[in-house]
Amino acid sequence: MKKSLIYQGKAKSVYQTDNSNEVVIEYRDDATAFNGVKKEALKDKGHVNNLFNAYIMQKLEERGVKTHFIKVLSETESLMKKLQMIPVECVVRNYAAGGICKRLGLEKGMKFERPVFEFFLKDDALGDPMINTSHILTFNWAAPEEIKYMRKVTFTVNDILSKLFDDAGLLLVDYKLEFGRFNGALLLGDEFSPDGCRLWDKQTKDVFDKDRFRQDLGDVVGHYKTVAKRIGLTLI
Ligand code: CDP
């Protein structure tokens, strides 16, 4: 397959294929945190995240969530539908961690009676500020039906994945999703991997996600691999 680089993100590269409706996403070993200030290569992360994302996207498709995922191509590459990305991040939180603790003065680990939903603007230069639906409409980042759809699907994903991780002895603390347009309809895009969510052991509250990298807790990829194993994913 002929491919040419069209976008290089912090941890993934996107390549155009012969088919203008499809792209190859390559998961690299690069890890970044604090808006790119902390940077490192973590051996095997690209491989683990590629297969982790494929596994989760397939589970979501089985439950009726429409995603951009088509198939795994290699250890570190998958074929996806080419999306026109909506520049917002959809975050759902089941427990208090990260940004919301600081912002609202909450104790880390507090369980929310109902999940919290937040929008952030995808803008590295601005540090991904929190926004609301009024901003999204005023600045034409998405249409009213698209806002409704992203919110609904992000909560549906919460039901599916909270159960999946719970069965593996893990708490899905929070996560971030991104959506994009394909032939006029929205699909779930980007990725779902331990890079974009928080996962804690149900009993010990041990951290199994990117906070291991952010907080220098060590053996980041080893923990990602443990999560993969616990949810029933065999790494090739
Ligand atoms: O990660 P941080 O504490 O700065 O932000 P947060 O708002 O607490 O993040 C909520 C969830 O979204 C966490 O699982 C983050 O890993 C994820 N997130 C992400 O994947 N990418 C971002 N640009 C921001 C948050």
Side-chain angles (χ1 to χ4, degrees), residues 7-12 25 27-28 30-40 42 45-46 48-50 52-53 56-57 60 67-68 85-112 114-132 135-136 141 150-151 153-155 157-158 160-162 164-166 170-180 188-201 205-217 220-221 223-224 227 231:
Y7 176 78
Q8 177 120 14
K10 287 182 288 223
K12 299 192 286 293
I25 297 194
Y27 293 75
R28 306 194 316 269
D30 300 321
T32 65
F34 313 117
N35 210 7
V37 172
K38 184 176 159 79
K39 259 192 240 173
E40 235 172 89
L42 303 175
K45 184 171 79 76
V48 175
N49 279 6
N50 179 38
F52 197 104
N53 175 68
I56 296 290
M57 291 278 170
L60 294 175
T67 80
H68 67 155
M85 294 306 291
I86 306 274
V88 305
E89 302 182 334
C90 302
V91 168
V92 159
R93 303 174 184 274
N94 296 305
Y95 295 82
I100 199 169
C101 292
K102 219 168 162 186
R103 197 174 341 114
L104 300 182
L106 304 177
E107 194 186 327
K108 183 173 159 194
M110 170 195 172
K111 186 179 192 325
F112 297 132
R114 43 183 292 174
V116 171
F117 181 95
E118 295 167 344
F119 281 120
F120 294 86
L121 179 64
K122 252 187 94 68
D123 189 320
D124 282 343
L126 296 176
D128 297 343
M130 189 159 82
I131 51 169
N132 62 30
H135 298 112
I136 297 177
W141 291 318
M150 290 191 287
R151 215 184 135 85
V153 174
T154 304
F155 276 117
V157 167
N158 195 36
I160 300 168
L161 297 187
S162 290
L164 183 143
F165 288 115
D166 184 76
L170 295 161
L171 295 176
L172 178 58
V173 173
D174 58 26
Y175 59 92
K176 182 260 304 179
L177 300 182
E178 293 178 29
F179 293 83
L188 176 60
D190 191 48
E191 72 177 284
F192 193 100
S193 76
D195 269 0
C197 67
R198 287 193 171 92
L199 295 163
W200 296 345
D201 183 274
K205 302 289 186 289
D206 279 349
V207 170
F208 281 84
D209 54 72
K210 194 168 137 181
D211 274 348
R212 295 203 72 83
F213 174 68
R214 295 187 187 99
Q215 299 167 14
D216 289 318
L217 299 176
V220 180
V221 180
H223 282 74
Y224 287 19
V227 175
I231 61 174

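All figures in this text were calculated on a predicted structure; none of them were measured in a lab. In each ligand, atom 1 is the first atom listed, and ligand 1 is the first ligand listed. For the single chain, residues carry numbers from 1 onward in sequence order.
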Below 4.5 Å, heavy atoms only, C-beta onward: do [X] and [Y] meet side chain to side chain?
{"X": "F119", "Y": "H135", "result": "no"}
{"X": "F213", "Y": "K38", "result": "yes"}
{"X": "K111", "Y": "L171", "result": "no"}
{"X": "D209", "Y": "V227", "result": "no"}

Contact atoms of ligand 1, heavy-atom distance to [X] under 4.0 Å:
{"X": "D128", "answer": "23 (N)"}
{"X": "A97", "answer": "8 (O)"}
{"X": "G98", "answer": "3 (O), 8 (O)"}
{"X": "C197", "answer": "14 (O), 16 (O)"}

Quick check for you: to the nearest 0.5 Å, what is the distance between R93 atom CZ and F117 atom CZ?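 CZ of F117 is found 11.5 Å from CZ of R93.
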
Does the Lys NZ or Arg CZ of K45 fall within the cation-pi geometry relative to Y224 - under 6.0 Å from the ring centre and within 45° of the axis?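 The answer is no; the distance or angle limit is not met.
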
Donor + acceptor pair across side chains of S162, D166 (<3.5 Å): no

Counting heavy atoms only, which of [options] comes nearest to [atom]?
{"atom": "atom 22 (C) of ligand 1", "options": "E118, M130, R103, E89", "value": "E89"}
{"atom": "atom 13 (C) of ligand 1", "options": "D174, D195, L177", "value": "D174"}
{"atom": "atom 3 (O) of ligand 1", "options": "E191, R198, R214, K102", "value": "R198"}

What part of R93, side chain, backbone, both or neither, has a heavy atom within less than 4.0 angstrom of ligand 1? side chain

Contact between ligand 1 and C101 is defined here as a heavy atom of the residue under 4.0 Å from a ligand atom; is it met? no

Can you find an N or O of G99 that's nearer than 3.5 Å to an N or O of ligand 1?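 Min N/O separation from ligand 1 is below 3.5 Å for G99.
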
Checking side chain to side chain donor-acceptor pair (under 3.5 Å) between K10 and each of D124, D30, D195, which is the one that passes? D124

Who's the nearest protein heavy-atom neighbour of atom 18 (N) of ligand 1, and how far?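 Going by distance alone, atom 18 (N) of ligand 1 is nearest to K176 CB, 3.7 Å.
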
